[in-house]
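The next block holds one structure in the form of structure tokens; read it before the comments.
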Protein chains: 2
Amino acid sequence: MRMLRAEEFGLTREVEYGTPEQNEAVRQIVEAVRTEGDSALLRYTEQHDRMKLDAASLRVTDAEIQAAYEKVDDAFLTAIREAAVNIRKFHEKQLRQSWVDVQPDGTMLGQLLRPLKRVGVYVPGGKAAYPSSVLMNVIPAQVAGVPEIVMVTPPATGGKSGIDPYILVAAAEAGVKEMYRVGGAQAVAALAYGTVSIPPVDKICGPGNIYVALAKRLVFGAVDIDSIAGPSEIVVLADETANPSYIAADLLSQAEHDEMASAILVTTSTKLAEAVSAEVQRQLATLPRETIARQSIDNYGAVLIAQSTAEAIAVINRMAPEHLEIMVAEPMAMLGRIENAGAIFVGPYSSEPVGDYFAGPNHILPTNGTARFSSPVNVDDFVKKSSLIYYSKEALFSNGDKIMTLARHEGLEAHARAIEIRLEQERE
Amino acid sequence: MRMLRAEEFGLTREVEYGTPEQNEAVRQIVEAVRTEGDSALLRYTEQHDRMKLDAASLRVTDAEIQAAYEKVDDAFLTAIREAAVNIRKFHEKQLRQSWVDVQPDGTMLGQLLRPLKRVGVYVPGGKAAYPSSVLMNVIPAQVAGVPEIVMVTPPATGGKSGIDPYILVAAAEAGVKEMYRVGGAQAVAALAYGTVSIPPVDKICGPGNIYVALAKRLVFGAVDIDSIAGPSEIVVLADETANPSYIAADLLSQAEHDEMASAILVTTSTKLAEAVSAEVQRQLATLPRETIARQSIDNYGAVLIAQSTAEAIAVINRMAPEHLEIMVAEPMAMLGRIENAGAIFVGPYSSEPVGDYFAGPNHILPTNGTARFSSPVNVDDFVKKSSLIYYSKEALFSNGDKIMTLARHEGLEAHARAIEIRLEQERE
């Protein structure tokens, strides 16, 4: 692995905007589906997924879901059910209440919280079709109280003849009752604008390829979207008390995701740095996804040597990693100083896969430095707020003059008169 | 006003994507500022704002802010200070705590909430340069604990020689300490990527023209942005018990904003509908902004006659209005049934301007039907979450097999091995 002084480490945060050709292709697809509906949806499905469907066959049937259950093994089913329970428990703790502030003059001000009505979850068909991600997108929406959750996924997964049965089972276990075999920009457009077969949603979430990402960006505003995921990242902050083989294993668990994934150790200990580097090479050699992981380690992996803990923390806050593991003598003492990180894994037993699959917190996390301003997928993402304003007559008479002053200053006389007409008609 | 049966009312929700030329112009400006920094920023300021500045003069000085205070009148200052107190109080009730769930086996799972570090507020220079909007953007960020809040605004407001002193005073009162005289797409790019003079921010909020909106859309991902505001809307739900002159005044307070604003009455009472229509015409005649308001009323205003309260509520939920006023005999009974609305004003004294200026809830609300999935500006918009995962050895030994099952099912062997190496090395 590259070994650098922490101060030398440069960050390049590139946002993926797509090529002009990709943007134009997506714009055309979205526009066609918006105006032509199902016929465009089916046309692009035939063109891109080489699958000739009719409108009646878009929806996945109950029989198919039952058949999928026959194909998955029991150990998987047991594990994913328990994971779902943990994910549900963690997200239930995020639930919030509507509130109202009742004031002595009779005024009431508040915030009403309500779930979105209909949410679409995109599940990609390629190598990143993960049942665990289905749970991580669906369960928070369900906990928020979203009554209609719909899944879309390409009609054939990774060259197979249909949708991966594990995806169907994960969706069914998470509680999805409405699934469609459609993917790409055309699926995003259908969710955003609706077709005869697929009613429109209020929010689209879930990862996809560049066409899906561009389509989501394009329809944002007509519907809400989740953040657009970049390649996965892990940073491990460790000192000489840490076990180098654990660190190496955790770095590699990130590196195997894809060639663009980034795995970085930050440490004040040169000895640990060298031990981890050696361990990474040793463990790499026997990995099934060795080629991918090696490219990731060679191109995006690094060991950063910091002169002090403060310097180590500063570089981590600049990176704002998606995943951060802390394996130092007193890890909890670091927590307050870590400003930017999607998920923080503390201590020797909190290996990243614990959070990826099972513990309960969401594994859909802000990538590419966006932990500076965004958050793991959570229940709030599926809740909207309405302000409540019940102003009393007394409050209006006390404050009307000030409201009119501000309105008139802004040149909005009709605003002032809306107050004035009440004061005039009801002055006693 | 147009009078329609509620069932006939069609919705057209168009998202403003800009023309290809506008998109290309914005892309060039953003790219130039990203790569050239201040020199591009100053070049575009000269080009678009006809103002030749150097880097040293971009920042608004303390002396200018002091001078602005000399120019504003006392009644304005008193009113805006009291409004700021109310806005602060309301938003403080939204503050949430980090939490941790401590489990019997030693595992701790939680959510850490922290403010964004640096936020940029865009204040437009044209007719929509409202001091009240400065408060509504800045105060929630401040309540969230954002340590650095920076304002940008074009170097001259509405043809005047400098920045509107009321804007400077509102920003100073809200607590902004860093202000720059720069606007347009170039200001958005500077906030997103940073220049020598203007360090980059984590989030950009505030309204602007189409170039500002397109620039925000383009930089989204490098930084967070707020939602992109459409024209303002009000819907009034009223029955025969309501005062037609209050309703007309409130509709007009929306209509005067701009020609695209929409003001709609929904009622089951034909008598009320006619009375409100007549009142609107009567009040329109004496408004200073009569021309704007009349165009808005003629083109986007409507009175919808519903056959039942249920039908009235259904059409409102489909519209998802930015502002909803409820003036019926028992208004609180409607609240639970209103699913989609940015702010709900209840009863005869809750005229929309009460919320626009003074009561405390935010006046920056989801427009154009986006109340289906988005919320008034609030403290959560300036807070990010990090998941906390502290897994105990006991938990890892109990659940390691299930985690490995799920990882291996997804073909991610290195994920499984990160668990396995711990179980092997520490099995007793």
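None of these values were measured; they are calculated from a predicted model. Each chain gets a letter, A, B and so on, in the order the sequences are listed, and its residues count up from 1.
Atom OG of A:S374 sits about 10.0 Å away from atom CG of B:D202, to the nearest 0.5 Å. To the nearest 0.5 Å, atoms CD (B:E410) and OH (A:Y166) are separated by 11.5 Å. Rounded to the nearest 0.5 Å, atoms CZ (A:F220) and OG1 (B:T370) are 9.0 Å apart.
Chain B forms the most heavy-atom pairs under 4.5 Å with one residue out of A:A341, A:A248, A:G400, A:G347, and that residue is A:A341. Of all the listed residues (A:K93, A:E420, A:M404, A:E325), the one sharing the greatest number of non-hydrogen pairs under 4.5 Å with chain B is A:K93. Of the listed residues A:K203, A:Q94, A:M108, A:R408, the one with more heavy-atom pairs under 4.5 angstrom with chain B than any other is A:Q94. Among A:L252, A:T78, A:L335, the residue making the largest number of heavy-atom pairs under 4.5 Å with chain B is A:L335. With respect to chain B, the highest number of heavy-atom pairs below 4.5 Å among A:L116, A:I80, A:V354, A:L113 belongs to A:V354. Here A:F90 is the residue among A:F90, A:F76, A:F345 with the most heavy-atom pairs under 4.5 Å with chain B.
Of the atoms belonging to B:A83, it is side-chain heavy atoms, and not backbone ones, that fall under 4.5 Å from chain A. Contacts between A:L112 and chain B at a heavy-atom distance below 4.5 Å involve the side chain alone, from C-beta outward. For chain A, no part of B:R27 is nearby; none of its heavy atoms comes within less than 4.5 Å. With a 4.5 angstrom heavy-atom cutoff, B:N378 touches chain A only via side-chain atoms. Only the side chain of A:M332 comes within contact range of chain B, with heavy atoms under 4.5 Å apart. Both the backbone and the side chain of B:P131 come within less than 4.5 Å of a heavy atom of chain A. Both the backbone and the side chain of B:E413 come within contact range of chain A, each with at least one heavy atom under 4.5 Å from a heavy atom of that chain. Heavy atoms of B:T107 lying under 4.5 Å from chain A are absent altogether. Heavy-atom distances place both the backbone and the side chain of B:A75 under 4.5 Å from chain A.
By the 6.0 Å contact criterion, OH on B:Y246 is enclosed, its count of non-hydrogen atoms from other residues, nucleotides or ligands being greater than 12.
Counting only heavy atoms from C-beta outward, the side chains of B:D101 and A:K89 never approach each other to under 4.5 Å. The closest side-chain heavy-atom distance from B:I389 to A:E352 is not below 4.5 Å. For the pair B:L412 and A:S253, the minimum side-chain heavy-atom distance is 4.5 Å or more. Between B:E394 and A:Y349, every side-chain heavy-atom pair lies at or beyond the 4.5 Å cut-off. A 4.5 Å side-chain heavy-atom check between A:H409 and B:Y357 finds every atom pair outside the cut-off.
Salt-bridge formation is detected for the pair B:D380/A:K385: a Lys NZ or Arg NE/NH1/NH2 atom is positioned less than 4.0 Å from an Asp or Glu carboxylate oxygen.
A distance-only check finds no donor-acceptor pair linking the side chain of A:R372 to the backbone of B:D224 [under 3.5 Å].
Test A:L396, A:I403, A:T405 against B:F358 for side chain to side chain contact (heavy atoms under 4.5 Å, CB included) and you get one pass: A:I403. Exactly one residue among B:R417, B:R422, B:H415 makes a side chain to side chain donor-acceptor pair (under 3.5 Å) with A:D250. That residue is B:R422. Tested against B:E339 for a salt bridge (Lys or Arg N to Asp or Glu O under 4.0 Å), the candidates A:R118, A:K117, A:K384 yield a single pass: A:K117.
Side-chain polar atoms of B:N243 and A:Q425 form a donor-acceptor pair below 3.5 angstrom.
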